[in-house]
Amino acid sequence: MKTDSFRLALCAYNLSTGGASRDAFLAGIAARLERARNDGARLLVLPEYLSEAFLAWKPAGLLPTEELAWMAGEADALLPALKDLVARHGITLLAGSMPWPAPGGEGGYVNRAFALLADGREVVHDKLALTPFENDPETWLLTPGAHVPLFEIEGVRMAMLICLDVEMPALSCLIAQDAPDVLLVPSMTSSLAGYHRVFGCARARAVELMSAVAVCGVVGAAPGTTQNDTNVSGAAVYLPCEPSLGYTGIGGELPPVDGTAGEEPYLVVDVPVGEIRNLRAGGAEVWPGAWSAAGMSLQRHGDGT
């Protein structure tokens, strides 16, 4: 399918607005989907740990070590309704990420991003690179994923990573072999330092992959949270730094906020898919093409002592 441009929307979801029930949460997602559809977007991207909003209606006395299982249960209950919303609005939803039972039936939970496609398909990505708080047996102890999904939406090639995943250059080399047009990166960062790590690396990946990278994170804090009292993020679509794309590598970018005043960054961008493909096919200034470190080694020299 020939696609010259693909419009997507990114919403840096404010966890404080998730509502106090499943119905209230779903009403908020429906409103955001309607806004994106009215803006002509074909895809709405929501952030990592959207499921923290569920903690606003968690049962009394739920321990931090019990939260993953409880959120996974809520995710399972809500997914059919989220799919119904996608069908009703006719656009794809990257429904952020949520805890989910680890594949294989050996117990534990993964941090899973769900892409619910307008054509009825479901594509998932289990986070590969886990943070220290995702490896804490006293609170949230998760299992890393093992695969990077590659899929198409209306002829546009997509891949997904989650937050810290995008900071791993080795994954960029892996993904480059399949030449995605857009890399989707839902994230959660509790401080400006984390925001700049994730968004700075996302911008680098756009250069390395010769693709667009769409990244957004949660802001605010969910009532009932035990893990993330602050969240700082924004929304951005980064592009290769090429003259035909405006030189700067920024397709659209909203600055980070903490959401404490009710802010919720929302960005709509037309991704220049056709031009990205032209550049990847030989039109770029210096891009060497998909590159692998296979066969390379470090040459170590002594320090003279």
Intermediate values then yes/no, side-chain contact (heavy atoms from CB on, under 4.5 Å), D178 and R157: CA-CA 9 Å; D178 288 279; R157 293 189 296 272; over 6 Å; no
K83 with E122: basic N within carboxylate O range, under 4.0 Å: yes
Verdict with supporting geometry, E134 and Y49, side-chain hydrogen bond (donor to acceptor under 3.5 Å, both in side chains): CA-CA 12 Å; E134 293 174 310; Y49 285 122; 2.5 Å; yes
Test side-chain contact (heavy atoms from CB on, under 4.5 Å) applied to L44 and I29, step by step: CA-CA 10 Å; L44 172 62; I29 300 300; 5.9 Å; no
Worked check of side-chain contact (heavy atoms from CB on, under 4.5 Å) between L55 and W70: CA-CA 9 Å; L55 297 177; W70 185 80; 4.3 Å; yes
E263 vs D258 side-chain heavy atoms within contact, under 4.5 Å: yes
Heavy-atom donor-acceptor pair, H125 side chain to F114 backbone, under 3.5 Å: no
Ion pair check, R277 and D181, cut-off under 4.0 Å: yes
Side chain to side chain, L245 and E275, heavy atoms closer than 4.5 Å: yes
Short side-chain donor-acceptor distance under 3.5 Å, D23 and S21: no
Main-chain N/O of V232 paired with T189 side-chain donor or acceptor, under 3.5 Å: yes
Residue pair L150 / A159: nearest heavy atoms and the distance that separates them: CD2-CB, 3.6 Å
Donor-acceptor side-chain pairing of Y109 and E67 below 3.5 angstrom: no
I175-V198 co-clustered via ILVMFWY side chain contacts under 4.5 Å: yes
Main-chain N/O of M188 paired with E48 side-chain donor or acceptor, under 3.5 Å: yes
Short side-chain to backbone donor-acceptor contact, R205 and V213, under 3.5 Å: no
Intermediate values then yes/no, side-chain contact (heavy atoms from CB on, under 4.5 Å), D76 and W100: CA-CA 8 Å; D76 188 43; W100 196 256; 3.5 Å; yes
M98 with L142, same ILVMFWY side-chain cluster at under 4.5 Å: yes
Rounded distance [0.5 Å steps], CZ in R112 versus NZ in K127: 15.0 Å
Geometric class of the F54/F25 ring pair [parallel <30°, tilted 30-60°, perpendicular >60°]: perpendicular
Beyond-backbone contact of I91 with L93, side-chain heavy atoms, under 4.5 angstrom: no
Side chain proximity check, S51 to P99, heavy atoms < 4.5 angstrom: yes
Between D39 and Y266: side-chain donor-acceptor atoms closer than 3.5 Å: yes
V124-L117 co-clustered via ILVMFWY side chain contacts under 4.5 Å: no
Validation row: N278, S244 side chains within 4.5 angstrom (heavy atoms): no
Flag for T139-D136: side-chain donor and acceptor within less than 3.5 Å: yes
Donor-acceptor contact present, side-chain E242 to main-chain E285, <3.5 Å: yes
T92 (side chain) donor-acceptor with A118 (main chain) under 3.5 angstrom: yes
Non-hydrogen side-chain atoms of T226 and L62 separated by less than 4.5 Å: no
Hphob cluster co-occupancy, V218 + L254, side-chain heavy atoms under 4.5 angstrom: no
R203 side chain to F199 backbone, donor-acceptor under 3.5 Å: no
Close side-chain approach of L267 and C216, heavy atoms under 4.5 Å: no
Point-to-point distance, once rounded to the nearest 0.5 Å, from CG of L128 to CG of L161: 7.0 Å
Exam field: side chain R7 to backbone L43, donor-acceptor pair closer than 3.5 Å: no
Expected output: side-chain N14 to main-chain G259 donor-acceptor under 3.5 Å: yes
V110 backbone acceptor or donor facing T143 side chain under 3.5 Å: no
